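These notes are about the structure you will find just below.
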Amino acid sequence: MRLVEKVAIITGAAEGIGRSCALTFAQEGAAVVVADRNAAAGEETTQAIVDVGGAAIFVQTDVADAAAVAALVQRTLDHFGRLDVLVSNAGIGGRSLGDGPVHLCTPEAWDQIMTVNLRGTFLACKYALPAMFEHGGSIVTIASVLGLVGTQGLFDTHAYATSKAGIIGLTRTIAAHYARQQVRANVIAPGLIDTRMAARTKANPELAAQVAFWQPLGVVGQPRDVADAA
């Protein structure tokens, strides 16, 4: 119960890592604001928290829309009276959009991935920060190991990797700049996690074998692994 009396916004909380974060934070005592574009799945996450006695509300949010993110933070303050934690998790993969190696990545895919992943993280942090200045707080962003290493022919989605590298840089900058206002910022850069985005890899034995080499503890991690780190 480390998060009793804390209020947390978690973006992309309808499924995968975000959903696991929402459930885990609630188990630790936090009041949780579930934010996602997917209303049906977001409401399911919210209800799962309420059903076990937790406090949660759902706010449908497109993290790439500045007005929507500002409204998300305001709704949090109106309902719970404070904001202590932001987990900026919402993001998209790009292969189906046209992402790939730089010489093959389409400009449209590049723009869309940067808009959701990097701009979305920026907006979430931008509007959450002022709500934390008075009493301090914690920002956790979710990047990827692909933001730290080259893909080497395994996961050649270079727009996605670049967006995650940008999140790492943004988080480092926030941590240094806002420390005097008692706001901490940390980034988690997971390897392959068992979410919908991992389905292609799990279905391809050759890819799975390569990932197993990269990740000695197993082919894929679990969303709860990331949630516990957050």
Side-chain angles (χ1 to χ4, degrees), residues 1-4 6-65 68-69 71-73 75-76 79-80 83-94 96 113 116-117 120-121 123-125 128 138-146 160 163-164 167 171 186-202 215 218-230:
M1 302 299 286
R2 294 174 58 188
L3 300 178
V4 171
K6 304 295 185 183
V7 177
I9 291 175
I10 300 174
T11 68
E15 61 177 314
I17 289 171
R19 177 182 170 88
S20 187
C21 284
L23 298 176
T24 301
F25 274 52
Q27 289 168 1
E28 289 289 330
V32 176
V33 180
V34 174
D36 205 285
R37 288 187 302 180
N38 186 331
E43 293 284 9
E44 288 179 6
T45 299
T46 305
Q47 193 60 47
I49 293 171
V50 172
D51 285 346
V52 294
I57 60 171
F58 171 69
V59 181
Q60 189 171 24
T61 308
D62 178 354
V63 295
D65 182 333
V69 179
L72 165 66
V73 174
R75 174 77 188 283
T76 301
H79 190 88
F80 289 117
L83 175 61
D84 301 281
V85 183
L86 165 69
V87 179
S88 182
N89 163 77
I92 58 172
S96 65
I113 292 160
V116 176
N117 292 1
T121 300
L123 290 174
C125 294
S138 175
I139 290 174
V140 179
T141 61
I142 306 298
S144 167
V145 68
L146 297 180
Y160 176 84
S163 73
K164 295 300 186 177
I167 289 170
T171 308
N186 291 278
V187 59
I188 300 173
L192 189 68
I193 302 297
D194 194 6
T195 65
R196 186 158 47 92
M197 287 204 298
R200 170 180 168 272
T201 302
K202 291 174 61 180
Q215 299 186 174
V219 175
V220 292
Q222 295 301 312
R224 181 62 189 255
D225 297 330
V226 183
D228 284 342

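Since the structure is predicted, the reported quantities are computational estimates derived from the model, not experimental observations. No hydrogens, no waters, no symmetry mates; every other heavy atom, side chains included, goes into these values.
- Proximity of Thr195 to Pro223: side-chain heavy atoms (C-beta onward) are separated by under 4.5 Å at one or more points.
- The distance from the OG1 atom of Thr76 to the CG atom of Asp84 is 11.0 Å, given to the nearest 0.5 Å.
- For Asp225, there are no salt bridge (Lys or Arg N to Asp or Glu O under 4.0 Å) partners at least two apart in sequence or on another chain.
- In this structure, the side chains of Arg75 and Ile57 come closer than 4.5 Å at one or more pairs of heavy atoms.
- For residues 28-44, no residue pair satisfies the side chain to side chain donor-acceptor pair (under 3.5 Å) rule, not counting sequence neighbours.
- Here the shortest heavy-atom pairing between Ala14 and Thr45 reads O-OG1, 3.4 Å.
- Rounding to the nearest 0.5 Å places CG of Leu86 at 8.5 Å from OG of Ser138.
- Atom CD1 of residue Ile193 and atom CD1 of residue Ile142 lie 9.5 Å apart, to the nearest 0.5 angstrom.
- Each of Val32, Asn89, Val87 was checked for a side chain to side chain contact (heavy atoms under 4.5 Å, CB included) with Cys21, and the lone residue meeting it is Val87.
- For Ala71, there are no side chain to side chain contact (heavy atoms under 4.5 Å, CB included) partners at least two apart in sequence or on another chain.
- Expressed to the nearest 0.5 Å, how far NZ of Lys6 lies from CZ of Phe80 amounts to 15.0 Å.
- Evaluation of the side-chain hydrogen bond (donor to acceptor under 3.5 Å, both in side chains) rule for Ser144 yields no partner, not counting sequence neighbours.
- In terms of the side-chain hydrogen bond (donor to acceptor under 3.5 Å, both in side chains) criterion, Asn186 has no residue partners (sequence neighbours excluded).
- Pairing each heavy atom of Met1 with each of Gln27, the nearest pair is SD-O, 3.2 Å.
- Applying the side chain to side chain contact (heavy atoms under 4.5 Å, CB included) rule to Thr171 yields the partners Thr141, Ile167, Ala185, Val187; only residues at least two apart in sequence or on another chain are considered.
- Every salt bridge (Lys or Arg N to Asp or Glu O under 4.0 Å) that Asp228 has, sequence neighbours left out, goes to Arg224.
- Evaluation of the side chain to side chain contact (heavy atoms under 4.5 Å, CB included) rule for Ala90 yields Thr11, Val63 as partners, not counting sequence neighbours.
- Counting only heavy atoms from C-beta outward, the side chains of Leu23 and Ile49 approach each other to under 4.5 Å.
- Across Thr24 and Ala227, no two heavy atoms sit closer than the pair OG1-CB, 3.5 Å.
- Looking only at side-chain heavy atoms (C-beta outward), Leu146 and Lys164 stay at 4.5 Å or farther from each other.
- Closest of all the heavy-atom pairs between Ile92 and Tyr160 is O-CD1, 3.3 Å.
- Every residue two or more places apart in sequence or in another chain that forms a side-chain hydrogen bond (donor to acceptor under 3.5 Å, both in side chains) with Asn117 is listed here: Ser163.
- Among residues two or more places apart in sequence or in another chain, the side chain to side chain contact (heavy atoms under 4.5 Å, CB included) test is passed with Ala229 by Ile188.
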